[in-house]
Structure formats: structure tokens, C-alpha cells
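Remarks on the structure that follows.
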Number of protein chains: 2
Amino acid sequence: MGFAVKTDDDAKPGDADIDFGTLHELTGYWLRRAQLNTYRNVRNFFFDEFEMTPGLFGVLEIVFRNPGLTQTAVANAMGNDRSAMVAIIDKLEKRGLIERRPSPVDRRSKALYMTTQGEAFQARVRSRALQHNQQFFDLLTVEEHQQFVDMLKRVAERADESRC
Amino acid sequence: MGFAVKTDDDAKPGDADIDFGTLHELTGYWLRRAQLNTYRNVRNFFFDEFEMTPGLFGVLEIVFRNPGLTQTAVANAMGNDRSAMVAIIDKLEKRGLIERRPSPVDRRSKALYMTTQGEAFQARVRSRALQHNQQFFDLLTVEEHQQFVDMLKRVAERADESRC
DNA sequence: ATTTAATTGTTGTGCATATCAACAGTAATG
DNA sequence: CATTACTGTTGATATGCACAACAATTAAAT
């Protein structure tokens, strides 16, 4: 299944000599391509080692940095629907990493807190994530990397503005 | 240490005072964020105007530039499983944009060709896509845009290499 | 030539994610 | 009070991706 990359002497004609036409001129195409591949890589990496996904990691990190947050608050921060939170929190709670406590001020909502076990776990994952991130993007110089992130932020904001 | 993010002038109080912690230091996070928002924008745009999705557009463009290609060849080019092709080709064929012809050399495979109607349609979409792309990324200077695409390509390749 | 292996399109399944509508319980507002 | 808004939750639906299986067909092995 290995796609050896640049060798034109590959007997497979169907791979290299394909004309992508306008696709390769569209920034959105490359953005998607880069993200999809990166995401798959990160996901496989962290699932193998921690049985974690980027989504779970994000929730864990946010709850860790903002103890007592409500579920919808986390959902809004993550940019997805609050109904999606339920399954995520369920998983994390079932693994003993997170805790739902009744909010002292609002009997509807539930305040989210990290367990001590969850903090220890997240510390390990976080360290590994930073390490993997730096290692993965070392194909960019430090300047490039900085510019890259800066542009990504601007693009993300832009796309967020023109939201219907 | 002293790297706490400074006070953004809050427009929304309940939204902005959340600490994202390590998340905001991960390039992959921003990459995903930018891509998701961009994709949603592009998708809404082209779905409203043409009832097209980026995926359909890609297949259409590839078939247009490489007439007679087989379904799995297109799937490999697009980077997804050949089973995903079926529904896509079905849609495009049902709309009269594309055609499945029996391959003259291999009775298993089906050669894909564009209809004249499909070519006319795709010409309109293609033009609009290029226009929208340029307009959307005009928040980057020409130099930045070029660098951006260049880096995305490198990242995409990198992620592709370390594929299991 | 006959068996074996590989590939094609296709279908189905499972999993993760996303959006939307509804609901009962609760809070805020008039 | 009555009404309106918000909470977590469930369910329906759609999507995309990965994988397994299948009959038909081709390629390779012996």
C-alpha cells in the first residue's frame, strides 16, 4: 500500500501523469489537502498512544484551563453544537478524566471539572502533542512556521466573518 | 511564565475570556480551524449557486482533464477510497454531466467521460471557483499567498509521506 | 491449461462528526 | 403570574472515511 512518491519510473501510469487542472490552482484545495493529511497523521498518532482524538484533547484542555465551565460554554468555545458535547463528556467521564458536578448557581447546568487522574493524563498528552507538533512542522523554518500560523489565523477569522 | 495572552478588547464577555491553553499553540489546531471555516464558506457558496460541492468539482475537473480515466484512478488521484467514488459518479451521471462507458480494454472497469453539457457546466463553475478563490484570499498579499500555498503543499506532502 | 492471486465496481457496515428539532427542567424577564 | 429564554439530553439525519466482502474479470504462477 506504500505510495513511494516521486519515482516516475513507476509502472503505474494512473498516478503521476494525471492532470489536476484548476484544482492545483485553488488555495482551498491545498488547504484541505494539508489539513486532511495532517489530521489523519495526528489522529493516528494520538489514538495509538493515548486512545485520544484531537476533539477530546481540545475539550480536556479547555476544561483544564477553565474549571467549572458549563457544557455549552465549552461547545461554543470549540465551535460546535452543545448536543455534540454530550457524547464527548460521556466518554471522558467514563474514563475518569473529567467530572460533571451540579452547578451551585444554576440547577440546569453542570460544571465541568478535571479529576486529578485527568490532569496527570492530560499533562502527558499535552507534552507529547507539543513535541509532535514541533517535530511535524520542522519542515518549515522558525520564521516560516510563525508566518504560517499567522496566516492560518487570519484565514480562519476571515472565514468566520463571512459566515451565513 | 509571563506569556499570558493580553486582554483582547472583548466584544462578547462570555465568549472571549476562555483560556484555550496549549490548543492555541498547536499548528494543527489552526490548520483545522482555517480549513473547516474555509470549507464551509466555499461549500455554501457553490452549493447555493451550482448545487456543487468541492468533492464533485474535483472529480469533474479531473475527468475533464483526463478523459477515459477509470473510477479507481480518479479515487487514487483524489486520495480517497474507490468505494466513495460510486455515489459521486452516480450523482454526476444522474445530472448528465458525466458518462460511464465500458472500457474497451478491461471489461471490469468503466471509463469516465464528460458530456458536452458537463463541459459547459464545469467551465462556468471553474471560472467562478477561481474568482472566488482569489477574492477570498485577498487578505493575503500576493507574496504571502504564494508562500502560503507553497507551505501547504509541503505540509500536505509531508503528511502524505508518513502515512501508515 | 489450470489453478491461484489480484483488481474492478459495487454494496454494506461501522465510526466519528455535524446539524437540527424537540423535550423536560430550570432560570430570567415582563 | 405568564411568557420567554436557556440547560442538558435524545433522536433523526447527513456526511465523510475506512474497511470488509462480493461477483465479475484479468493477471500471474505453476
Side-chain angles (χ1 to χ4, degrees), chain A residues 1 11-15 32-33 35-44 46-48 51-59 63 68-76 78-93 98-112 163-164, chain B residues 14-15 32-33 35-37 39-44 47 51-59 68-76 78-93 98-112 159-160 163-164:
Chain A
M1 198 64 69
K12 274 274 187 173
D15 206 35
R32 182 163 169 80
R33 199 82 168 179
Q35 197 278 323
L36 243 49
N37 289 342
T38 302
Y39 188 77
R40 174 157 41 190
N41 183 298
V42 171
R43 187 185 165 78
N44 287 341
F46 283 95
F47 195 81
D48 288 350
E51 292 193 46
M52 281 294 281
T53 68
L56 295 180
F57 174 79
V59 171
V63 170
L69 223 53
T70 177
Q71 292 188 196
T72 45
V74 176
N76 289 337
M78 299 278 300
N80 49 19
D81 201 83
R82 64 184 198 273
S83 62
M85 271 296 125
V86 183
I88 296 181
I89 306 290
D90 280 353
K91 281 182 193 166
L92 295 176
E93 198 175 31
I98 234 178
E99 216 180 2
R100 278 187 247 232
R101 301 186 199 161
S103 165
V105 293
D106 190 334
R107 283 195 297 178
R108 294 172 298 180
S109 60
K110 302 172 180 177
L112 299 177
R163 187 145 122 189
C164 322
Chain B
D15 211 33
R32 181 162 170 81
R33 200 82 168 180
Q35 198 277 323
L36 278 176
N37 289 343
Y39 188 77
R40 174 156 42 190
N41 183 296
V42 171
R43 187 186 162 81
N44 287 341
F47 196 82
E51 294 193 45
M52 281 294 281
T53 68
L56 294 180
F57 174 79
V59 171
L69 224 52
T70 176
Q71 290 188 198
T72 46
V74 177
N76 289 338
M78 299 276 300
N80 49 20
D81 201 85
R82 65 182 198 272
S83 62
M85 272 296 127
V86 183
I88 297 180
I89 306 289
D90 280 353
K91 281 183 193 165
L92 295 175
E93 197 175 32
I98 234 177
E99 217 180 0
R100 277 188 246 231
R101 301 187 199 161
S103 165
V105 293
D106 190 333
R107 284 194 296 178
R108 293 172 299 180
S109 60
K110 302 173 180 178
L112 299 177
D160 224 11
R163 182 148 125 191
C164 336

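Throughout, a chain's letter reflects where its sequence line sits, starting with A, and its residues are numbered from 1.
- Place Asp90(B) and Gly55(A) on DNA chain C by their nearest nucleotides, and Asp90(B) ends up nearer the 5' end.
- Position along DNA chain D of the nearest nucleotide to Ser109(A) versus Arg32(A) favours Ser109(A) as the more 5'-ward residue.
- Summarising the geometry, the separation between CD on Gln35(A) and P on dC17(D) is reported as 11 Å, rounded to the nearest angstrom.
- Summarising the geometry, the separation between CE on Met52(A) and P on dC15(C) is reported as 19 Å, rounded to the nearest angstrom.
- Across all strands, Thr70(A) comes closer than 4.0 Å only to sugar-phosphate atoms, never to a base (heavy-atom distances).
- Closest heavy-atom contact between Ala111(B) and Gly68(B): CB-O, 3.6 Å.
- Computed from coordinates, the Ile89(B) CD1 to dG9(C) P distance equals 9 Å when rounded to whole Å.
- One atom, CG of Leu56(A), and another, C1' of dA16(C), lie 10 Å apart when rounded to the nearest Å.
- If you take CZ of Arg40(B) and C1' of dT17(C), they are 12 Å apart, rounded to a whole angstrom.
- At the heavy-atom level, Leu36(A) lies under 4.0 Å from the strands shown only through sugar-phosphate atoms.
- Proximity note for Arg100(A) (side chain, C-beta onward) versus dT19(C), dG8(D), dA18(D): the nearest is dG8(D).
- Leu112(A) has its side chain out of reach of Glu99(A): every pair of non-hydrogen atoms, C-beta onward, lies at least 4.5 Å apart.
- Distance alone, capped at 3.5 Å, places no donor-acceptor pair between the Thr70(A) side chain and the Ala73(A) backbone.
- Atoms CE (Met85(A)) and P (dT9(D)) sit 12 Å apart, rounded to a whole Å.
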Nucleotide-resolved protein contact map, nucleotides 21-27 of chain C, B/S/- at heavy-atom distance under 4.0 Å: -B--BBS

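- For Asp81(B), the salt bridge (Lys or Arg N to Asp or Glu O under 4.0 Å) criterion is met by no residue, not counting sequence neighbours.
- Between Asn76(B) atom CG and dT8(C) atom C1' there is a gap of 12 Å when expressed in whole angstrom units.
- Rounded to whole angstrom, the span from the CG atom of Leu92(A) across to the P atom of dA16(C) amounts to 13 Å.
- Under the 4.5 Å side-chain criterion, counting only non-hydrogen atoms from C-beta, Leu69(A) is not in contact with Val63(A).
- For Leu36(A), the side chain to side chain contact (heavy atoms under 4.5 Å, CB included) criterion is met by Arg32(A), not counting sequence neighbours.
- Put simply, the side chain of Gln71(A) never gets that close to the backbone of Met85(A): no donor and acceptor are under 3.5 Å apart.
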